> 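Below you will find the structure I want to go over with you.
Predicted model, so just to flag it, every value in this text is computed and none were measured. Counting starts at 1 for both ligands and their atoms, following the listed order.
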Amino acid sequence: MKNKPTLPGAGLDWPLMQNNITREDLDAAIAYLRREDPILTQSSNVRAFEREWSAWIGTKYSVFVNSGSSANLLTLAALKALHGGGEVIVPPLTWVSDIAAVLHCGFDPVFVDIDPRTLGMDNDQVLAKITPRTRAVFLTHILGYNALGQRLLDELERRQIPLLEDVCESHGATWGGSKLGTFGLISNFSFYYAHHLSTIEGGMVCTDDEEIYETVRMLRAHGLVRELDSQSRKEKYWQSYPDLNPEFVFVYPAYNVRSTEINAVLGRSQLKRLDENIQIRTENLHLFLNNLDADAYQTDFATEGSSNYALTLILKHPDPDLCKRVMTCLKAHGVEYRRGTSGGGNQLRQPYLRRLLGPDECLKYPRVDHVHFYGFYIGNYPTLERSKILRLCELLNELAKDYCRRVA
Ligand SMILES: Cc1ncc(COP(=O)(O)O)c(C=O)c1O
């Protein structure tokens, strides 16, 4: 066969992630620092990164913050400020900060199990859990897979329930031709080391809604009126509080989760090659899933429009012995992995939720529990060699064959 890659030897030397920040990005930061008296705190580069990100993702507004967790927190804080309290439907398979933000803002979390193909919330179960107290549905697009369906979107619109999208693990993934993060009232992104684009630490809150945008701008910086974009909004506050110094009007008891110019310079530099990197990562995922033994490992993920920074490896059947063998094999071949996919699996098994909801709540979500005990993720980055992916599939398929022989 033409161009058949040569398979590497035993040590695959395959880390969970390779730095997204390249020499080119560092040089952009250094060039910025070499300027005469450069501004380092949030300024014009943050603004420019927000504008460029909005254009890339397809929303009217973006607000750059210091992490994806801060994006989660401001999203729920804005929801609370503008829509009041109640229940928020969240998945047990997500990052801790999604649920923490719900709790910190005084909402009651309501959980539903996942759809194994998308790893996102089962849309029918979401609809079944909606009550008059539902204030929002806060879904997570896990590891590049779209979690949205048309019926859910239609029903939420009909019932006027805001959709919040956590896209921290799925930059550039699309559904029906539009990027994830453009369907909800608010969407969140993370620019942590592990993700598609890294600003060292960083996150983005995106929306088309001007009031949400302005509220998030204030929440990002102490609740200050001077953070507003709109002059008329500022003046309204100033007129309402004539006894206050206009520079110091605090509308909310808020936070300081601003980022810096350096982080924005790094983000702007990487954004130029984000599409190209996403395409390579997507090809890697397809190569991996197409070559895995579909009897032993799950391969039927909802890959249409996916954008994946980590390869999902989930055993098809609950099989502790094969699971152990997989881990031994990955370790022996120098393949770094994490168990349970996003956030380590079933959040309801974590101490902070066990304390709140009791030790048995986690048992009500068997599909998440399957991922918790039999799911892994492995690094997927633009420089990952195709030959390594094929070699790993060979090794994993060998294990599965061995295992089938033994149990037959
Ligand atoms: C789904 C999801 N949401 C939120 C976050 C939080 O992002 P950060 O690490 O930038 O705080 C992560 C982090 O990895 C995540 O995977």
> For ligand 1 and Tyr309, I'd like to know whether there is a polar contact (N/O to N/O, distance under 3.5 Å).
no
> Using a 4.0 Å heavy-atom cut-off, which part of Ser97 comes near ligand 1: side chain, backbone, both, or neither?
side chain
> Applying a heavy-atom cut-off of 4.0 Å, say which part of Asn72 lies close to ligand 1: side chain, backbone, both or neither.
side chain
> Between Glu210 and Arg233, is there a side-chain N and carboxylate O pair less than 4.0 Å apart?
yes
> So for Gly203, does at least one of its heavy atoms come nearer than 4.0 angstrom to any atom of ligand 1?
no
> In terms of atom number and element, which parts of ligand 1 are under 4.0 angstrom from non-hydrogen atoms of Thr140?
1 (C)
> Below 4.0 angstrom from a heavy atom of Glu169, which ligand 1 atoms are there? Numbered from 1 as shown, please.
1 (C), 15 (C), 16 (O)
> What atoms of ligand 1 come within less than 4.0 Å of a heavy atom belonging to Ser67?
10 (O), 11 (O)
> Please check if atom CD1 in Ile39 has more than 12 non-hydrogen atoms from other residues, nucleotides or ligands closer than 6.0 Å.
no
> Is it the case that ligand 1 has an N or O less than 3.5 angstrom from some N or O of Asp98?
yes
> Shortest non-hydrogen contact from Lys234 to Leu228?
CE-O, 2.9 Å
> Return yes when atom CD of Glu276 has more than 12 non-hydrogen atoms of other residues, nucleotides or ligands closer than 6.0 Å, and no otherwise.
no
> Should Ser69 be counted as touching ligand 1, given the test is an N or O pair under 3.5 Å?
yes
> Does ligand 1 come near enough to Trp95 that some N or O of the ligand is less than 3.5 Å from an N or O of the residue?
no
> Considering both backbone and side-chain atoms of His195, is one of its nitrogen or oxygen atoms within less than 3.5 Å of a nitrogen or oxygen in ligand 1?
yes
> So, regarding Tyr192 and ligand 1 (criterion: nitrogen or oxygen to nitrogen or oxygen, under 3.5 Å), is there a contact or not?
no
> Evaluate Phe191 for polar contact with ligand 1, using N/O atom pairs at a separation under 3.5 Å.
no
> Quick check: closest heavy atoms across Arg273 and Ser269, and the distance to 0.1 Å?
NH1-O, 4.0 Å
> Could you tell me whether Arg151 and Glu155 have a side-chain N and a carboxylate O separated by less than 4.0 Å?
no
> Under the ring pair (Phe, Tyr, Trp, His ring centres under 6.0 Å) rule, what pairs show up with a residue in residues 176-219, not counting sequence neighbours?
Phe49-Phe191, Trp53-Phe189, Trp53-Phe191, Tyr61-Tyr213, His171-Phe189, His171-Phe191, His171-His196, Trp175-Phe183, His195-Tyr309, His196-Tyr309
> So for atom CD, which belongs to Gln18, do other residues, nucleotides or ligands contribute more than 12 heavy atoms lying within a distance under 6.0 Å?
yes
> To the nearest 0.1 Å, how far is atom 3 (N) of ligand 1 from its closest protein heavy atom, and which atom is that?
Asp166 OD2, 2.7 Å
> Less than 4.0 angstrom from a charged side-chain N to a carboxylate O is my criterion; do Asp369 and Arg349 meet it?
yes
